[in-house]
Chemist: 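Just passing along the structure, written as structure tokens.
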Amino acid sequence: MKVVALKDVIGTSQDVDGGTWNSRRLIVKKDGMGYSVHDTIIRAGTETHIWYKHHLESVYCIEGEGEVVTLKDQKTWPIEQGVLYALDEHDEHLLRAKTDMRMICVFSPPISGDEVHDEDGVYPVDES
């Protein structure tokens, strides 16, 4: 059994500030679950380019309002509390926050916990 409190992650190496976002990684690769779980704040008024070439991600919005734009087809989906979007095709996308958005994110394969996006919006593959 694993029990993780958000307050115990804040201020550690698993509390990562990416500029337009802040991700608190609750479950990471070393936990051996086969996925990672993050409690992430997307900052109001920001746009983040993201392209998870090596990961699949599901994102559930628990607070705030914004939108996701998939770059291959320029489709825009409104995101608000109670909406989940799944990047099931390694979708390159823009995430725009109208207000601060609080998101619960699940990654497969899991990330190690301290990653930030590279210049293409990608998390590196953890080969360890």
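Values below: every heavy atom of this structure, side chains too, minus hydrogens, waters and symmetry copies. Quick caveat: nothing in here was measured; it's all calculated off a predicted structure.
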Chemist: Working note: His90 + Leu56, criterion side chain to side chain contact (heavy atoms under 4.5 Å, CB included); need CA distance, chi angles, decisive distance, verdict.
Modeler: CA-CA 6 Å; His90 304 282; Leu56 298 175; 3.7 Å; yes

Chemist: Taking all heavy atoms of Ser58 and all of Ala86, pick out the closest pair and write down the distance.
Modeler: OG-CB, 3.8 Å

Chemist: Which heavy atom in Pro110 sits nearest to a heavy atom in His55, and how many Å separate them?
Modeler: O-NE2, 4.3 Å

Chemist: Do Thr40 and Ser23 meet the criterion of a side-chain donor-acceptor pair at a distance under 3.5 Å?
Modeler: yes

Chemist: Would you check, one step at a time, whether the test side chain to side chain contact (heavy atoms under 4.5 Å, CB included) holds for Ile62 with Met103?
Modeler: CA-CA 6 Å; Ile62 60 174; Met103 318 289 256; over 6 Å; no

Chemist: Tell me every residue that passes salt bridge (charged side-chain N to carboxylate O under 4.0 Å, His left out) with Glu47, counting only those two or more places apart in sequence or in another chain.
Modeler: Arg96

Chemist: I need the full list of side-chain hydrogen bond (donor to acceptor under 3.5 Å, both in side chains) pairs touching residues 2-12, with sequence neighbours left out, sorted by first then second residue.
Modeler: none

Chemist: Closer than 4.0 angstrom, basic N to acidic O: yes or no for Asp15 and Arg24?
Modeler: no

Chemist: To the closest 0.5 Å, what do you measure between SG (Cys105) and CD (Glu57)?
Modeler: 4.5 Å

Chemist: Please lay out, stage by stage, how Tyr85 and Tyr60 fare under the test ring pair (Phe, Tyr, Trp, His ring centres under 6.0 Å).
Modeler: CA-CA 7 Å; Tyr85 64 93; Tyr60 182 64; over 10 Å; no

Chemist: Strictly below 4.0 Å, N to O, side chains only: are Glu92 and Lys53 in salt-bridge contact?
Modeler: no

Chemist: Is any side-chain heavy atom of Gln74 less than 4.5 Å from a side-chain heavy atom of Val69?
Modeler: yes

Chemist: Any salt bridge between Arg43 and Asp100, counting N to O under 4.0 Å?
Modeler: no

Chemist: Salt bridge (charged side-chain N to carboxylate O under 4.0 Å, His left out) with Asp31: which residues, sequence neighbours excluded?
Modeler: none

